[in-house]
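Contents: one structure, followed by commentary.
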Amino acid sequence: MIRAIKGTRDILPPASAVWNEVEQAARRVFGGFNYQEIRTPIFEETALFARGVGEETDIVSKEMYTFEDRDGSSLTLRPENTASVIRAFIEHRMDQIPGLKKLFYIGPMFRRERPQKGRYRQFSQIGAEAIGSDFPGVDAEVIEMVAALLDACGVKGSRLLINSVGDPESRARYVAKLKEDLAPHIEALSPDSQRRVTTNPLRVLDSKAEQDQPIVEKLPSIHDFLTDACRDHFAAVRRYLDDRGIAYEVTPRLVRGLDYYTHTTFEFLHGALGAQNAICGGGRYNGLAESLGSKVAAPGIGFSIGEDRLVMAVEEARGGTAASVLRLFIAPMSDEAFRKGAVLAGAVRAAGASVEVGPPAKLKRLMELANKAGAAYTLLIGEDELAKGSYVLKAMASGEQAHVSEAELVERLRA
RNA sequence: GUGCCUAUAGCUCAGUCGGUAGAGCGCCGGAUUGUGGUUCCGGAUGUCACGGGUUCAAAUCCCGUUAGGCACCCCA
């Protein structure tokens with residue numbers, strides 16, 4: 001038997017309805033913030049991600065689906081979408097369009113990791129990018145938009161973590177200091193953290209290893225290394241969040257895995273997602289466009305929501321799946337009745353209701369089908385009904401029946 | 001890449017000391033010739049993941065493989 005590839009999965013009904021609701025909510029909420037959709041290809045030149053995300057990141061160094069095209073060029077299934085959006089921004093000279101460019105996307109991403117709860121090799125992200133401003137008010141609005149979407153989806157109890165990782169110079173000084181402070185304790189660190197000291201010292205900060213905690217606690221905060229400008233930016237973001245009544249936790253140890261982040265970084269956490277509890281991650285990336293070859297500065301900020309995880313949180317919040325949406329099942333007792341039923345179905349659908357027309361069959365069988373389909377109403381069409389042009393409409397929950405004409409039928413089922 | 005757990009009907013699972021396959025739900029038919037759900041009666045399901053070993057005998061014990069899950073790493 002051929003099965004879905006490891007780390008991929010089929011989204012079947014009724015779960016697929018939840019995905020649609022989440023995506024519709026995103027389009028509605030983002031539209032309210034004046035964001036417009038961008039659709040970029042799901043594969044790109046490998047160099048885009050290597051340069052954009054960072055050669056040394058785990059994503060690029062070991063998680064990408066990279067393959068050689070027939071002409072020998074190296075292509076990669078996108079592991080994230082920010083680099084692609086910035087590429088499109090540069091390619092189409094969107095800097096020439098007046099104002100702040102506010103773009104959102106919904107689509108699949110690919111990373112070759114070991115699957116676990118909330119993590120898949122093909123997963124979907126809902127994200128947005130605001131490009132063309134380094135005004136901290138944009139940072140706050142972007143974060144507000146995520147909070148608004150979670151709210152629209154009925155997801156309660158998420159936590160917002162924010163931090164500033166400063167500009168590249170501040171961060172370089174901080175990383176150097178971390179290496180210096182960690183060097184004497186290298187033997188006492190966990191094996192993972194020993195490796196991090198050389199690969200990515202910032203990662204030591206959020207180590208889960210018990211033995212690392214005494215050492216981590218004594219490390220300086222990145223906030224001590226921020227320039228005045230960085231500090232001002234971060235203070236402004238917090239002030240603008242306060243204005244909006246958005247609760248947050250300043251977390252100096254919050255570091256993000258992608259190289260391009262500057263200044264603001266943030267994360268939304270949610271319980272009941274398993275160990276992978278981050279439902280959204282984001283941050284500012286003022287230098288990304290230039291590192292991808294833009295001749296003009298294009299400071300931006302964005303986020304991506306793990307749609308798989310958001311759907312999990314929504315399902316958890318509801319505690320169940322949605323009920324059937326079928327309004328009417330038409331039960332024809334003959335071929336002639338079936339032909340009439342199909343015509344009636346068209347009229348009811350035009351009024352906005354969902355209709356299923358059963359095959360010609362015995363009434364008992366049709367009633368069983370109507371019940372299994374979860375129909376709110378069933379319309380009986382037999383010899384008598386055809387002769388009179390008056391049909392039996394039965395409300396399935398109460399069992400009540402009434403004789404209705406075509407016009408009455410349409411009116412009673414109008415959505 | 002590393003560790004732990006799991007694999008029996010469409011689904012959720014039971015299967016004792018090794019003795020040759022079970023339940024609930026679902027599905028199909030009937031009780032009911034134009035009335036579903038509830039109830040009652042009847043029925044169909046299976047390479048016990050795959051391969052090997054031990055044994056008179058393996059779903060059960062042992063080894064290997066594959067697949068899945070969870071956790072680490074990392075991240076959404």
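Letters A, B, ... mirror the listed sequences (proteins, then strands); counts begin at 1. Everything quoted here is computed from the prediction, not taken from an experiment.
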For A/Tyr260, ring pair (Phe, Tyr, Trp, His ring centres under 6.0 Å) partners two or more places apart: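 A/Tyr260: ring pair (Phe, Tyr, Trp, His ring centres under 6.0 Å) contacts with A/Tyr285.
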
For A/Phe135, enumerate each residue passing the ring pair (Phe, Tyr, Trp, His ring centres under 6.0 Å) test, keeping only those at least two apart in sequence or located in another chain.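 For A/Phe135, the residues satisfying ring pair (Phe, Tyr, Trp, His ring centres under 6.0 Å) (neighbours in sequence not counted) are A/Tyr240.
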
Write down the distance separating the [atom1] atoms in [N] and [M], rounded off to the nearest Å.
N	M	atom1	result
B/A44	B/U6	P	34 Å
B/U16	B/C61	C1'	15 Å
B/A71	B/G18	P	35 Å
B/U20	B/A58	P	11 Å
B/U8	B/G15	P	14 Å
B/A9	B/G1	C1'	37 Å
B/G69	B/U12	P	13 Å
B/G64	B/G26	P	42 Å

With a 3.5 Å distance limit and no angle check, can you tell me whether A/Arg231 reaches the backbone of A/His223 through a side-chain donor-acceptor pair?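 Confirmed, A/Arg231 side chain pairs with A/His223 backbone.
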
Okay, side chain of A/Ser73, backbone of A/Asp69: is any donor-acceptor separation there less than 3.5 Å? no

Taking atom [atom2] of [N] as reference, at what distance in whole Å does atom [atom1] of [X] sit?
X	N	atom1	atom2	answer
A/Tyr120	B/G69	OH	C1'	10 Å
A/Ile59	B/C73	CD1	P	16 Å
A/Gln116	B/A71	CD	P	5 Å
A/Asn81	B/C75	CG	P	18 Å
A/Glu80	B/C74	CD	C1'	15 Å
A/Arg9	B/A76	CZ	C1'	12 Å
A/Glu113	B/C72	CD	C1'	12 Å
A/Phe303	B/A76	CZ	P	13 Å

Output a table of nitrogen or oxygen pairs between the protein and nucleotides 26-33 of chain B separated by less than 3.5 Å.
residue	atom	partner	partner atom	Å
B/C28	OP2	A/Lys372	NZ	2.9

Not counting sequence neighbours, which residues clear salt bridge (charged side-chain N to carboxylate O under 4.0 Å, His left out) with A/Lys101? List them please. none

By salt bridge (charged side-chain N to carboxylate O under 4.0 Å, His left out) - contacts of A/Glu368 (at least two apart):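 Salt bridge (charged side-chain N to carboxylate O under 4.0 Å, His left out) check on A/Glu368 returns A/Lys364, A/Arg365.
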
Contacting residues from residues 396-414 of chain A, given that a heavy atom lies under 4.0 angstrom of RNA chain B: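 Within residues 396-414 of chain A, the residues near RNA chain B are A/Met396, A/Ala397, A/Gly399, A/Gln401.
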
Which parts of residues 188-198 of chain A get close to RNA chain B, meaning a heavy atom less than 4.0 angstrom away? A/Asp192, A/Arg195, A/Arg196

For [X], answer base if it contacts any base atom (sugar-phosphate contacts may also be present), sugar-phosphate if it contacts only those atoms, and nothing otherwise; contact means non-hydrogen atoms under 4.0 Å.
X	answer
A/Glu307	nothing
A/Ala370	nothing
A/Ile279	sugar-phosphate
A/Lys6	sugar-phosphate
A/Arg111	base
A/Gly118	base
A/Asp384	base

Might you list the N or O atoms of the protein lying below 3.5 Å from N or O atoms in nucleotides 2-9 of chain B, with each pair's distance?
residue	atom	partner	partner atom	Å
B/U2	O4	A/Arg114	NH1	2.4
B/G3	O6	A/Arg114	NH2	3.4

Show your working on side-chain contact (heavy atoms from CB on, under 4.5 Å) between A/Val155 and A/Leu149 and close with a plain yes or no. CA-CA 9 Å; A/Val155 173; A/Leu149 176 56; over 6 Å; no

When only distance counts, do a donor and an acceptor, one from the side chain of [X] and one from the base of [N], lie under 3.5 Å apart?
X	N	value
A/Glu385	B/G34	yes
A/Gln276	B/A71	no
A/Asn371	B/G37	no
A/Arg119	B/A76	no

Looking at every non-hydrogen atom in both residues, tell me the closest pair between A/Asn81 and A/Gln125 and how far apart they are.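 What the structure gives for the nearest pair is N-OE1, 4.5 Å.
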
Test: A/Asp192 and A/Arg203 ion pair at under 4.0 Å: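 Salt bridge: no.
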
State plainly whether the residues A/Arg244 and A/Glu144 are in salt-bridge range, i.e. N to O under 4.0 Å.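 Salt bridge flag = yes for A/Glu144 with A/Arg244.
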
Side chain to side chain donor-acceptor pair (under 3.5 Å) with A/His233: which of A/Asp134, A/Asp139, A/Thr262? A/Asp139

List in chain and number order the residues that pass side chain to side chain contact (heavy atoms under 4.5 Å, CB included) with A/Ala351, two or more places apart in sequence or in another chain; answer none if no residue qualifies.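 By the side chain to side chain contact (heavy atoms under 4.5 Å, CB included) rule, A/Ala351 matches A/Val410, A/Arg414.
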
Let me have RNA chain B in dot-bracket notation, would you? Count Watson-Crick plus G-U wobble pairs, both distances under 3.5 Å, and use [ ] for pairs crossing earlier ones and | for inter-strand partners. (((((((..((((.....[..)))).(((((.......))))).....(((((..]....))))))))))))....

Salt bridge (charged side-chain N to carboxylate O under 4.0 Å, His left out) pairs touching residues 147-160 of chain A, sequence neighbours excluded, are A/Asp151-A/Lys156, A/Arg159-A/Glu249

Which label fits A/Phe225 and A/Tyr174: parallel for a plane angle under 30°, tilted from 30 to 60°, or perpendicular past 60°? tilted

Where does the angle between the aromatic ring planes of A/Phe303 and A/Phe30 fall among parallel (under 30°), tilted (30 to 60°) and perpendicular (over 60°)? perpendicular

Test: side-chain hydrogen bond (donor to acceptor under 3.5 Å, both in side chains). Region: residues 45-55 of chain A. Which pairs qualify, not counting sequence neighbours? A/Thr46-A/Ser74, A/Thr46-A/Thr76

Step by step, work out the salt bridge (charged side-chain N to carboxylate O under 4.0 Å, His left out) result for A/Arg318 and A/Glu21. CA-CA 13 Å; A/Arg318 291 183 183 177; A/Glu21 286 170 40; 2.4 Å; yes

Counting side-chain heavy atoms from C-beta on, which of B/U35, B/A71, B/G34 comes nearest to A/Ala275?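 Per side-chain heavy atoms of A/Ala275, the pick is B/A71.
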
Could you walk me through whether A/Arg327 and A/Glu356 pass the salt bridge (charged side-chain N to carboxylate O under 4.0 Å, His left out) check? CA-CA 8 Å; A/Arg327 283 281 284 165; A/Glu356 174 84 24; over 6 Å; no

Using OP1 and OP2 only, check whether a side-chain N or O of A/Lys208 sits under 4.0 Å from B/C74. no

